[in-house]
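Here's the structure we're looking at; comments come further down.
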Amino acid sequence: MHCVSTLTIRSMKTSSQCLTALLLSAFFFFSLTNSNAQQRRLRSGVQITPYKTTFIANGKDNISVRVVAIDPTGAEMKGATNLIKFSLQGDAKISKIGPDNTSDVDKKLSDTSAQAHLVNGILWVTLTSGTTIGHIKFEAKSDTLFAGSTEIHEIQPGKPHPVTTGKYTPKKVTDKIIGADISFLPELENRGMKFSDKGTPGDAMEIMHAHGFNYIRLRIFVDPAQPKGYSPNKGFCDLAHTEAMAKRIKAAGMKFLLDFHYSDYWADPQQQNKPSAWVGQDFPTLKKSLHDYTVSVMQALKDQGTAPDMVQVGNEINHGMVWPDGAINNLDSLAQLIYAGVTGVKEVNPSTTIMLHIALGGQNPEARFFLDNMKARNVPFDVIGLSYYPRWHGTLEDLKNNMADLAKRYPQQVMVAEYSQLKREVNDISFNVPDGKAVGSFIWEPISSWEGIFDRKGNANDYMDVVYPEIAKKYDVK
């Protein structure tokens with residue numbers, strides 16, 4: 001989600017929400033052919049971490065935003081003193097700026113404009129909500145740094161209505177998971193890319209399995225081949241491609257996580273566009289369409305002997321899904337849509353584990369807001385999945401504290417469902433969640449991102465040959 005590496009683009013897409021997935025795909029393919037792409041795009045910048053991205057429109061809800069300067073590697077510039085200029089659009093105001101969460105350097109220019117110098121590389125900004133439902137855009141600029149921005153949804157939650165009166169006990173995942181989303185693999189192979197380890201050619205999945213990976217995640221779109229879909233005319237990540245990949249996963253001796261996007265295009269906190277086939281449907285019909293589509297995909301996979309072991313009902317859904325009906329402001333409707341997906345999965349394969357996937361790796365207040373609202377509506381699920389990209393989801397300490405708090409607060413297990421950088425550190429946190437709630441992790445697109453486990457010629461590198469075998473051995477992943 002930003003104009004740098006594949007990883008950075010994706011992480012901006014999931015958190016800062018300021019770039020379309022079209023740019024992600026364009027840069028992804030461009031990066032395969034231009035060895036200087038990353039160097040041209042990496043630069044120092046302003047990193048913004050909002051610890052909530054959903055405002056209650058009551059005129060008094062507050063959001064804390066951590067603002068730091070980072071160098072081209074993503075490391076914080078601890079001694080930076082750059083002047084940062086802040087602007088805010090929407091019904092909210094900048095309440096406070098300071099080097100910590102309590103002091104105020106009093107550099108406000110107005111309710112929607114402010115500036116202050118970084119103090120030892122950091123500033124904290126407090127935003128206060130207005131009373132209008134809508135979107136807030138908060139931006140931080142500096143003359144010498146790449147700008148940072150974030151989008152916040154301002155909502156009025158309403159009284160919760162449970163989706164079911166049934167009592168559900170979350171299933172316990174007994175696997176220790178080192179997983180990877182490699183949904184780009186068919187596209188890479190279609191372009192002629194081949195894979196090898198130490199000079200020996202092989203199937204990418206089989207190489208990964210031999211080096212510690214035991215789970216593969218695949219994303220699926222409703223109609224990606226349509227003109228505004230993810231893969232116009234070609235249909236990558238449709239049911240047919242998913243069926244073919246699922247057979248390869250099982251043949252490689254691995255387990256399978258299916259990630260329903262419930263869209264024809266990328267679904268994430270910035271966009272959850274309704275599939276074209278469902279546009280114009282009233283809400284009861286929409287729920288039935290989502291349920292029936294889920295059933296049809298699950299049944300097709302089960303019929304060929306590749307039923308998913310785990311399913312995400314939606315992708316990074318902390319701002320909702322299937323907009324506008326299931327937007328975060330419509331929490332009852334969102335819960336009903338999730339429940340329609342859950343029941344569709346369970347009707348076909350009751351043993352499948354259900355994950356709810358939110359983007360909020362280190363953002364505990366926002367994670368709790370979403371999960372508390374799903375709990376209040378009695379939505380049944382088994383695993384809390386978090387995305388963690390350090391540029392946008394907080395520090396490693398934030399991730400550790402958030403996962404520990406969620407594990408103690410909710411009955412579900414907790415895992416990192418997306419990450420890329422800090423491979424050892426993220427897995428150390430993921431496998432040490434307290435109260436027996438650890439599951440593991442899924443790395444996002446490690447065969448195509450700039451920190452990938454294969455080089456650009458398809459050769460396994462040290463991440464594959466050294467890092468992941470060490471992680472698997474350390475945590476006894478089979």
Side-chain angles (χ1 to χ4, degrees), residues 2 8 11-12 15-18 43-55 59-90 92-130 136-152 360-369 388-402 404-405 421-422 425 429:
H2 325 10
T8 310
S11 59
M12 290 177 68
S15 300
S16 287
Q17 308 150 3
C18 59
R43 55 183 289 194
S44 300
V46 182
Q47 175 176 301
I48 291 179
T49 304
Y51 286 86
K52 289 199 299 183
T53 54
T54 304
F55 249 153
K60 57 185 180 182
D61 194 19
N62 291 324
I63 289 177
S64 295
V65 183
R66 185 175 186 266
V67 182
V68 297
I70 55 173
D71 68 19
T73 71
E76 293 184 17
M77 300 163 62
K78 300 290 188 181
T81 58
N82 303 67
L83 178 66
I84 310 296
K85 298 178 180 179
F86 300 101
S87 63
L88 184 150
Q89 298 175 23
K93 64 181 180 180
I94 300 170
S95 304
K96 184 171 65 176
I97 303 174
D100 54 46
N101 247 343
T102 58
S103 61
D104 190 344
V105 298
D106 195 24
K107 297 294 183 182
K108 285 178 56 180
L109 304 177
S110 69
D111 282 347
T112 59
S113 179
Q115 64 182 37
H117 286 273
L118 293 168
V119 179
N120 295 321
I122 190 169
L123 282 171
W124 285 86
V125 181
T126 301
L127 308 179
T128 301
S129 68
I136 309 298
K137 182 179 180 182
F138 180 64
E139 188 170 36
K141 293 182 176 180
S142 174
D143 291 340
T144 58
L145 300 173
F146 191 74
S149 66
T150 191
E151 185 178 277
I152 298 164
L360 314 164
Q363 294 151 301
N364 181 251
E366 179 75 2
R368 287 170 52 185
F369 172 82
Y388 179 68
Y389 299 102
R391 285 201 173 200
W392 310 107
H393 297 142
T395 65
L396 285 167
E397 191 69 15
D398 290 330
L399 175 66
K400 179 179 179 180
N401 292 340
N402 187 31
D405 180 73
Q421 292 173 293
L422 303 170
E425 294 88 342
I429 292 169

Task: Distance, nearest 0.5 Å, that separates OH of Tyr388 from CD of Gln421 - done: 8.5 Å
For residues 79-86, run the donor-acceptor check on the side chains, cut-off 3.5 Å, and write out each pair with its distance to 0.1 Å, sequence neighbours left out.
{"unit_1": "Asn82", "atom_1": "ND2", "unit_2": "Thr144", "atom_2": "OG1", "d": "3.1"}

Open item on the list: To check you understand the geometry: which heavy-atom pair defines the closest contact between Ile429 and Lys400, and what is its length?
Closed with: CG2-CA, 3.7 Å
TODO: Go through the steps to decide whether Asn401 and Asn364 satisfy the test side-chain contact (heavy atoms from CB on, under 4.5 Å), and finish with yes or no.
DONE: CA-CA 8 Å; Asn401 292 340; Asn364 181 251; over 6 Å; no
Task: Asp398 and Arg66 ion-paired at < 4.0 Å - done: no
Task: Between NE2 on residue His117 and OG on residue Ser142, distance to nearest 0.5 Å - done: 9.5 Å
Open item on the list: If we ignore hydrogens and angles and just use 3.5 Å, is the side chain of Glu366 paired with the main-chain N or O of Thr54 as donor and acceptor?
Closed with: yes
Open item on the list: I'd like to know whether NZ of Lys52 has more than 12 heavy-atom contacts from other residues, nucleotides or ligands below 6.0 angstrom.
Closed with: yes
- [ ] Show your working on side-chain contact (heavy atoms from CB on, under 4.5 Å) between Phe55 and Leu127 and close with a plain yes or no.
- [x] CA-CA 9 Å; Phe55 249 153; Leu127 308 179; 3.8 Å; yes
- [ ] Locate the shortest heavy-atom distance separating Leu123 from Pro99; write the atom from each residue and the value.
- [x] CD2-N, 4.3 Å
- [ ] Would you check if the side chain of Asp71 reaches a backbone N or O of Met77 as a donor-acceptor pair within less than 3.5 Å?
- [x] no
Task: Any side-chain heavy-atom pair of Lys60 and Ser129 under 4.5 Å - done: no
Open item on the list: Return the OG1 to NZ distance between Thr112 and Lys93, rounded to the nearest 0.5 Å.
Closed with: 12.0 Å
Task: For Ala367 against Leu360, the heavy-atom pair lying closest together - done: N-CD1, 3.4 Å
Open item on the list: Under a 3.5 Å threshold, yes or no: a donor from one side chain and an acceptor from the other, between Thr53 and Gln363?
Closed with: no
- [ ] Identify the two heavy atoms, one from Arg368 and one from Asp405, that lie closest to each other, and give their separation to 0.1 Å.
- [x] CD-OD2, 3.4 Å
Task: side chain to side chain contact (heavy atoms under 4.5 Å, CB included) partner of Ile94, chosen from Val125, Asp111, Thr126, Val65 - done: Val125
Open item on the list: Could you walk me through whether Phe146 and Val46 satisfy the side-chain contact (heavy atoms from CB on, under 4.5 Å) test, starting with their C-alpha distance in whole Å, then the side-chain angles of each, then the deciding distance to 0.1 Å, before giving a yes or no?
Closed with: CA-CA 6 Å; Phe146 191 74; Val46 182; over 6 Å; no
Task: Straight-line distance of Leu399 CG to Glu397 CD, nearest 0.5 Å - done: 9.5 Å
Task: Trace of the side-chain contact (heavy atoms from CB on, under 4.5 Å) decision for Glu139 with Ile48 - done: CA-CA 8 Å; Glu139 188 170 36; Ile48 291 179; 5.9 Å; no
Open item on the list: Check whether Gln47 reaches the backbone of Pro390 with its side chain - one donor and one acceptor, N or O, closer than 3.5 Å.
Closed with: yes
Task: Residues in ring-ring contact (aromatic ring centres under 6.0 Å, His included) contact with Tyr51, at least two apart in sequence or another chain - done: Trp124
- [ ] Would you indicate whether the side-chain heavy atoms of Leu88 and Lys137 approach each other to under 4.5 Å?
- [x] no
Task: Nearest heavy-atom neighbours spanning Gly394 and Thr49 - done: N-CG2, 3.6 Å
TODO: Looking only at non-hydrogen atoms, find the nearest pair between Pro72 and Arg391 and report the distance.
DONE: O-NH2, 3.6 Å
- [ ] Measure from the side-chain N and O atoms of Tyr389 to the backbone N and O of Gly361, and report whether any donor-acceptor pair falls under 3.5 Å.
- [x] no
Task: Donor on one side chain, acceptor on other, Asn62 and Thr128, under 3.5 Å - done: yes
